[in-house]
Protein chains: 2
Amino acid sequence: MISRKTKYALKALINLAGQPTDEPVLISELARQEQIPRKFLEAILLSLKNVGVLQSKIGKGGGYFLAKEPRNISIGNIVKVLEGGYSPLQCLNDNISPECDECNEPSSCGIRLVMSDVLMAISSVLETTTLADMIERSDNAKRANLKIMDFSI
Amino acid sequence: MISRKTKYALKALINLAGQPTDEPVLISELARQEQIPRKFLEAILLSLKNVGVLQSKIGKGGGYFLAKEPRNISIGNIVKVLEGGYSPLQCLNDNISPECDECNEPSSCGIRLVMSDVLMAISSVLETTTLADMIERSDNAKRANLKIMDFSI
DNA sequence: TATAATATCTATAGATTAAATAGACATTGT
DNA sequence: ACAATGTCTATTTAATCTATAGATATTATA
């Protein structure tokens, strides 16, 4: 289950993707529009900046904007930044930890073998889907909804 | 990330799958062998019983045993019982909730559309993998490890 | 029928993590 | 110089996960 924090991050990114990159957006404005607690959003945006997804400008006229094009921002990367990964098992995480607390023989642990398949399945979706894809799919769905409305009138 | 509870459940099931079904295993014995807090394990086994995966016998000579063959127990089912589902998003859960707290138009929510793909990817692995598969893969890995040992001697 | 062995149930405590808030500080445009 | 902004550190609150305690119901068997 992805956390509220990650959902906030994705919403913020979708919003920023709809803005011209030469016009920084205020944290407070983003927070208001997306109904995200301002201080919480601050921390989120900062993480995304530190990892090169966003850029910011301090001072008057400052704010946040995308550092890359939406088609070069994978959803997997965003989830990794905010959740610390998306592995179903700690011991399968990219990071330092090939260690299992409870398991003395990771290489033949059945749970680990199965969850490794799950991880690959998740990864194959999240790493190939970009912010641009997500927005496009949403737009398509909106159009489809409108079309249905038309017919029903 | 799956919880410790689910890992305990899977370990217990692997253990029980290795026992004859006409010899109930004591909770305390299972807890000792798998190093699971006894009272915690009690609750886990009870959930698995209530959902028809395990059977129990009360009184002297009682204990727990599998209610079905390992090849008829999907890992997805176990995860669902103990985690309440494996959807990355609340609003995609099997259960009652096609409601999003934060989202007024689920049908065109980009996050939801993408996570729906993730859910399908997870599901396709977890629902097709059984307890028997998990054990088989573990056994194969153990054999492979032994073989490597042989060569290195 | 008494007793011991067992699962079942209800309640609660403790630990960890997620979410939200507060306020001081640093930077920049005008 | 000043106002507008992001940055940083710390704290609080809430939720969830993990673990524990003890009373109760059921059963085999001596």
Side-chain angles (χ1 to χ4, degrees), chain A residues 1-12 16 22-32 34-51 53-67 79 81-86 88-90 93 101-102, chain B residues 1-12 16 22-32 34-51 53-67 79 81-86 88-90 93 101-102:
Chain A
M1 189 81 77
I2 72 174
S3 66
R4 192 171 295 192
K5 184 156 74 165
T6 299
K7 282 187 268 181
Y8 287 161
L10 292 172
K11 282 186 174 189
L16 290 175
D22 57 351
E23 281 183 26
V25 178
L26 300 189
I27 299 178
S28 51
E29 189 53 20
L30 252 184
R32 192 184 61 75
E34 303 297 337
Q35 309 205 55
I36 301 170
R38 157 120 187 273
K39 282 294 190 177
F40 199 24
L41 181 58
E42 277 185 14
I44 292 167
L45 297 177
L46 211 47
S47 305
L48 291 173
K49 180 197 167 180
N50 290 334
V51 82
V53 170
L54 292 180
Q55 272 188 273
S56 68
K57 216 179 133 188
I58 295 187
K60 202 170 183 178
Y64 275 99
F65 50 99
L66 292 187
V79 175
V81 170
L82 290 144
E83 306 268 314
Y86 43 76
L89 237 38
Q90 188 66 43
N93 240 353
D101 315 347
E102 306 108 357
Chain B
M1 190 83 76
I2 71 174
S3 67
R4 193 171 294 192
K5 184 156 75 166
T6 299
K7 282 187 268 181
Y8 287 161
L10 292 172
K11 282 185 175 189
L16 289 175
D22 57 351
E23 281 183 25
V25 178
L26 300 190
I27 298 177
S28 52
E29 189 53 21
L30 252 183
R32 194 184 59 74
E34 303 297 337
Q35 308 204 56
I36 301 171
R38 157 118 186 272
K39 282 292 188 177
F40 200 24
L41 181 58
E42 274 185 17
I44 292 166
L45 297 177
L46 211 47
S47 305
L48 291 172
K49 180 196 167 182
N50 289 335
V51 80
V53 170
L54 292 180
Q55 272 189 272
S56 68
K57 215 179 136 188
I58 296 189
K60 200 170 184 179
Y64 275 98
F65 50 100
L66 293 186
V79 175
V81 171
L82 290 144
E83 306 269 314
Y86 42 75
L89 237 39
Q90 190 63 44
N93 240 352
D101 315 346
E102 306 108 356

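Residue numbers start from 1 in every chain, and the chains themselves are labelled A, B, ... in the order their sequence lines are given, proteins ahead of strands. All values reported here derive from a predicted model rather than from experimental measurement. Scope of the values below: all heavy atoms of this structure, side chains included, with no hydrogens, waters or symmetry mates.
How far NZ of A/Lys5 is from CZ of A/Phe40: 6.0 Å, rounded to the nearest 0.5 Å. Remark: A/Leu16 CG to A/Leu45 CG distance equals 7.0 Å, nearest 0.5 Å. Note that CZ of A/Arg4 and CD1 of A/Ile36 are 11.0 Å apart. Values are rounded to the nearest 0.5 Å.
Rounding to whole angstrom units, CD of residue B/Glu23 and C1' of C/dT6 are separated by 16 Å. Look at CZ on B/Phe65: it is 13 Å from C1' on C/dT6, rounded to the nearest Å.
Checking side-chain atoms of B/Glu34 against main-chain N and O of B/Tyr8 turns up no donor-acceptor pair under 3.5 Å.
Residues A/Gly84 and A/Asn93 come closest through the heavy atom pair O-ND2, 3.5 Å. Of all the heavy atoms in B/Lys7 and A/Leu89, the pair that sits closest is CD-CD1, 4.0 Å.
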Base-contact (B) and sugar-phosphate-only (S) positions in nucleotides 2-10 of chain D, heavy-atom cut-off under 4.0 Å, - elsewhere: --BBSBB--
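Residues A/Leu30 and A/Leu41 are in side-chain contact: their nearest non-hydrogen atoms beyond the backbone lie under 4.5 Å apart.
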Each nucleotide N or O in nucleotides 12-20 of chain C that has a protein N or O under 3.5 Å away: list the pair and distance.
| from | atom 1 | to | atom 2 | distance (Å) |
| --- | --- | --- | --- | --- |
| C/dA19 | OP1 | A/Arg4 | N | 3.1 |
| C/dA20 | OP1 | A/Arg4 | NH1 | 3.0 |
| C/dA20 | OP2 | A/Tyr8 | OH | 3.2 |

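Sorted by first and then second residue, the salt bridge (charged side-chain N to carboxylate O under 4.0 Å, His left out) pairs involving residues 40-50 of chain B (not counting sequence neighbours) are B/Arg38-B/Glu42, B/Lys39-B/Glu42.
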